[in-house]
Q: 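One structure is given below, represented as structure tokens, and several questions about it will come after.
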Amino acid sequence: MRTAVIPYRFDKDTPAGTIAERFGALEPGQGSGQVVSVAGRIMLNRPQGKLAFATLRDETGEVQLFSLEASTEDFEALTKLHLGDWVGATGEVVRTRRGELSVQVATWVLLAEARRGFGDKWKGVSDPEIRYRQREVDLWANESTRTRLDIRAKVLRSMRERLWALGFTEVETPLLHPIPGGAAAKPFTTHHNALDTELFLRVAPELYLKRLVIGGMEKVFEIGRSFRNEGISPRHNPEFTTIELYQAYIDYTDLMVLFEELVAGICLDVLGTTVLSYQERELDLTPPWRRASMWELIEEATGTSVSMATPIEQLRELLVAAGAKVDDSWGPGRLIAELFEETAEAAQWAPVFVVPYPKEISPLSRVHRDDAELVERFEPIIAGRELGNGFSELIDPDDQRARFEEQAQAHASGDDEAMLVDEEYLRAMEQGLPPTGGFGLGVDRLVMLLADTANIREIIAFPTLRPEVLLRSVEVETTEATEA
RNA sequence: GCGCCUCUAGCUCAACGGCAGAGCAACGGACUCUUAAUCCGCAGGUUUCGGGUUCGAAUCCCGAGGGGCGCACCA
């Protein structure tokens with residue numbers, strides 16, 4: 001290995017991927033007279049006696065390095081580079097006799113050594129253990145990994161640009177909450193030493209965002225992480241990204257339009273079409289999406305007609321017949337919602353807004369203007385999965401207090417996902433929340449659709465895994481010796 | 001949390017009750033137009049770990065650990 005000191009900077013002036021476009025007209029065996037500096041990783045190395053070929057890859061693409069013992073500095077060392085080593089190289093752009101556009105290296109410098117390599121040079125790395133735990137390896141070994149992360153970045157960018165264009169203000173609210181609120185979920189718990197107080201990682205930003213609306217921010221959104229202390233699955237990561245959006249003076253019908261337009265618009269920005277292929281099946285996101293009630297969809301799926309007026313015993317029987325558990329405390333609303341999830345939800349492929357929702361399972365939604373048992377809430381279902389949740393916000397502080405108290409009672413009797421009474425939020429509501437519509441959207445789920453992945457880990461750079469146990473005793477001894 | 005599947009060289013994989021192997025990477029060498037270059041040579045392993053059955057275990061059984069999938073829960 002070369003003993004030269006690794007430089008602190010390198011004047012890279014040409015992305016590898018731009019060379020083909022700029023110098024495509026060169027004939028085989030011809031030089032361009034143009035000297036460029038490229039930098040990246042050695043992906044393949046083909047020394048051939050007194051000349052050598054190597055494939056250099058950077059973020060933009062690949063280019064061949066062509067070296068000659070007679071004219072390339074430190075030729076011997078160049079031919080001994082390892083796959084994965086970072087190098088910077090400077091030389092004329094030429095096309096070799098065999099027709100490959102190349103940088104004919106005059107000078108070069110090692111920028112980093114790859115001591116570990118990147119797996120099989122042809123097959124790469126496929127072991128999920130390595131792919132998820134050592135994403136840096138996966139990113140280099142598998143091009144599609146980079147593509148998926150790029151799609152995620154484009155989704156976030158498009159989302160922001162579209163909302164900015166609509167006049168929304170992006171805000172940030174606390175991740176550390178004194179009371180977990182805004183969603184039915186088990187929180188992570190932590191502790192602040194100086195305040196000597198228990199804090200929770202947020203399960204949803206909802207309540208803080210509505211307080212900003214109370215404070216006069218009429219159109220706000222937040223894109224960020226929430227945390228739920230629940231199971232991990234191909235569709236669930238303990239930390240996940242959502243966008244929540246609130247706009248004063250609009251209701252749930254306006255929200256559905258906003259939602260479908262936003263999702264379809266993002267899809268158009270990222271993929272150039274609103275008709276995509278997901279898991280080898282066509283999925284058309286072109287608005288408007290269907291609006292349908294739970295009972296309508298249940299009837300379609302099962303042939304059985306149900307409604308909020310169906311006798312509770314019958315609903316219980318149907319749910320048991322569908323193979324689900326039934327809790328005695330559940331009213332008709334919860335039973336119908338469970339029945340829907342059990343029998344009809346997974347079958348919804350094309351986008352559909354399930355609307356309205358039972359009041360019983362919606363502690364933050366405003367009562368439906370036409371039916372006291374319902375709320376003005378919807379959930380968009382795409383490819384069998386909930387993509388989000390939205391509603392006309394509950395604005396009456398007295399009603400909100402009553403709903404919180406119901407939740408707190410459920411919590412006290414063992415439902416550890418039920419909410420608690422949030423006095424801070426109730427006080428804020430008493431300042432006056434105008435009629436407001438708000439929705440949340442699972443960003444990871446949306447990215448999964450656009451990136452065509454069935455597993456959420458594929459579109460999260462570093463998904464949550466059980467911590468790795470590395471044997472470090474030798475390093476610890478070294479450290480102690482140094483300190484002593 | 002429960003169920004099913006899986007774990008062999010750095011990577012990708014064979015061997016499936018009878019001497020643990022190949023390709024790539026690595027290491028040494030040859031080669032003046034290669035494209036997963038080619039050729040010669042060399043090295044690489046507590047078969048995830050711990051028990052058990054057996055004359056003999058990577059292989060069969062039990063347990064532990066990591067991972068994947070399904071269920072549950074949700075976005």
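The figures here come from the full heavy-atom set of this structure, side chains too, leaving out hydrogens, waters and symmetry mates. Chain A is the first sequence line, chain B the second, and so forth, proteins listed ahead of strands; every chain is numbered from 1.
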Q: Side chain of A:F66: nearest nucleotide among B:rC33, B:rC73, B:rA37?
A: B:rC33

Q: In whole angstrom, what separates A:D138's CG from B:rG67's C1'?
A: 15 Å

Q: Could you measure between the two P atoms, the one in B:rA22 and the one in B:rG65, and give it in whole Å?
A: 35 Å

Q: Between B:rA14 and B:rG66, how far apart are the two C1' atoms, rounded to whole Å?
A: 23 Å

Q: Could you state the CD-P distance from A:E458 to B:rG67, rounded to the nearest angstrom?
A: 16 Å

Q: Say whether A:N237 and A:R457, considering side chains only, have a donor N or O and an acceptor N or O under 3.5 Å apart.
A: no

Q: Of all residues at least two apart in sequence or in a different chain, which pass the side chain to side chain contact (heavy atoms under 4.5 Å, CB included) check with A:S126?
A: none

Q: Do A:W289 and A:W349 make the cut of ring centroids closer than 6.0 angstrom?
A: no

Q: I want to know whether A:F378 and A:F353 have ring centres closer than 6.0 Å.
A: yes

Q: Could you check A:R457 against A:W122 and say which one's nearest nucleotide on RNA chain B is further toward the 5' end?
A: A:W122

Q: Once you measure the plane-to-plane angle for A:F66 and A:F53, does it fall in the parallel (<30°), tilted (30-60°) or perpendicular (>60°) bin?
A: parallel

Q: For the pair made of NE2 in A:H82 and C1' in B:rG28, what is the distance, rounded to whole Å?
A: 13 Å

Q: Just by distance, with hydrogens left out, do A:S144 and A:N142 show a side-chain donor and acceptor under 3.5 Å apart?
A: no

Q: Does A:N237 reach a base, just sugar-phosphate, or nothing at all? Heavy atoms under 4.0 Å.
A: base

Q: Select base, sugar-phosphate, or nothing to describe what A:L51 touches, counting heavy atoms under 4.0 Å on all strands.
A: base

Q: Nearest heavy atom decides the nucleotide; on that basis, is A:T242 or A:A454 closer to the 5' end of RNA chain B?
A: A:A454

Q: Sequence neighbours left out, what passes side chain to side chain contact (heavy atoms under 4.5 Å, CB included) with A:L26? Give chain and number order.
A: A:F23, A:Q30, A:S32, A:V93, A:R95, A:L101

Q: Indicate, with a heavy-atom threshold strictly under 4.0 Å, whether A:G388 touches base, sugar-phosphate, or nothing.
A: sugar-phosphate

Q: Evaluate side chain to side chain donor-acceptor pair (under 3.5 Å) for A:T60 paired with A:D58, printing each intermediate quantity in order.
A: CA-CA 5 Å; A:T60 64; A:D58 70 11; 2.6 Å; yes

Q: With respect to the side chain of A:P234, which nucleotide from B:rA37, B:rC73, B:rC69 is positioned closest?
A: B:rC69

Q: Protein within reach of the bases, or only the backbone? For nucleotides 4-14 of chain B, mark each nucleotide 5' to 3' as B, S or -, using heavy atoms under 4.0 Å.
A: -------BSS-

Q: If you measure from the C1' atom in B:rG17 to the same atom in B:rG1, how many Å do you get, rounded?
A: 37 Å

Q: Side-chain N or O of A:N455 versus OP1/OP2 of B:rC69: is the shortest distance under 4.0 Å?
A: yes

Q: What is the distance from CZ of A:R235 to C1' of B:rG70, rounded to the nearest Å?
A: 9 Å

Q: Measure from the side chain of A:E379, starting at C-beta and using heavy atoms only, and say which of B:rU35, B:rA75, B:rA37 lies closest.
A: B:rA75

Q: Over how many whole Å does the gap from A:R41 atom CZ to B:rA25 atom C1' extend?
A: 15 Å

Q: Does the side chain of A:R466 get closer than 4.0 angstrom to OP1 or OP2 of B:rG67 through an N or O atom?
A: yes

Q: Mind running side chain to side chain donor-acceptor pair (under 3.5 Å) on A:R152 and A:T241 for me, showing each step along the way?
A: CA-CA 11 Å; A:R152 184 184 187 96; A:T241 301; 3.3 Å; yes

Q: Can you run down the salt bridge (Lys or Arg N to Asp or Glu O under 4.0 Å) pairs that involve residues 140-149 of chain A, sequence neighbours left out, and say none if there aren't any?
A: A:E59-A:R146, A:R146-A:D150, A:R148-A:E458

Q: Is it true that A:E230 and A:K186 have a side-chain N and a carboxylate O under 4.0 angstrom from each other?
A: no

Q: Can you tell me how far C1' of B:rC73 sits from CH2 of A:W330, to the nearest Å?
A: 11 Å

Q: Please walk me through it: do A:E317 and A:V326 pass side-chain contact (heavy atoms from CB on, under 4.5 Å)?
A: CA-CA 9 Å; A:E317 282 165 23; A:V326 175; over 6 Å; no

Q: Write down the distance separating the C1' atoms in B:rA25 and B:rA64, rounded off to the nearest Å.
A: 33 Å

Q: Would you call A:F240 stacked on B:rA75, i.e. ring centres under 5.5 Å apart with the planes less than 30° off parallel?
A: yes

Q: For B:rG51 versus B:rU46, give the span between their C1' atoms, rounded off to a whole number of Å.
A: 15 Å

Q: Ring centres under 6.0 Å, that's the criterion: do A:F259 and A:F439 meet it?
A: yes

Q: What pairs of nitrogen or oxygen atoms, one from the protein and one from nucleotides 38-43 of chain B, lie under 3.5 Å apart?
A:
none

Q: Which of these passes ring-ring contact (aromatic ring centres under 6.0 Å, His included) with A:H177: A:F227, A:Y208, A:F200?
A: A:Y208

Q: Calculate the interatomic distance between A:M43 atom CE and B:rA37 atom P; express it in whole Å.
A: 11 Å

Q: Categorize A:R95 for me: base, sugar-phosphate, or nothing, with a 4.0 angstrom heavy-atom threshold over every strand shown.
A: nothing

Q: Can you check the A:E206 CD to B:rA75 P distance for me, whole Å?
A: 11 Å

Q: Dot-bracket for RNA chain B, please. Rules: Watson-Crick or G-U, both distances under 3.5 Å, ( ) within the strand, [ ] when a pair crosses earlier ones, | for another strand, . otherwise.
A: (((((((..((((....[..))))..((((.......))))......(((((..]....))))))))))))....

Q: Answer yes or no: does a side-chain N or O of A:R133 lie under 4.0 Å from OP1 or OP2 of B:rG67?
A: yes

Q: If you measure from the C1' atom in B:rU6 to the same atom in B:rU47, how many Å do you get, rounded?
A: 14 Å

Q: With rounding to whole Å, what would you report as the distance between B:rA37 and B:rC31 at their C1' atoms?
A: 11 Å

Q: If you check the A:L83 side chain, which of B:rU35, B:rA26, B:rA75 turns out closest?
A: B:rA26

Q: Using a cut-off of 4.0 Å on non-hydrogen atoms, how would the nucleic acid contact of A:E69 be classed: base, sugar-phosphate, or nothing?
A: nothing

Q: Using the P atom in both, what is the distance from B:rU59 to B:rU53, to the nearest Å?
A: 14 Å

Q: For a quick check of understanding: with a heavy-atom distance under 4.0 Å over all strands, which category does A:Q48 fall into, base, sugar-phosphate or nothing?
A: base

Q: Determine whether a donor-acceptor pair (N or O, by modelled atom type, separation under 3.5 Å) exists between the side chain of A:R41 and the backbone of A:D85.
A: no

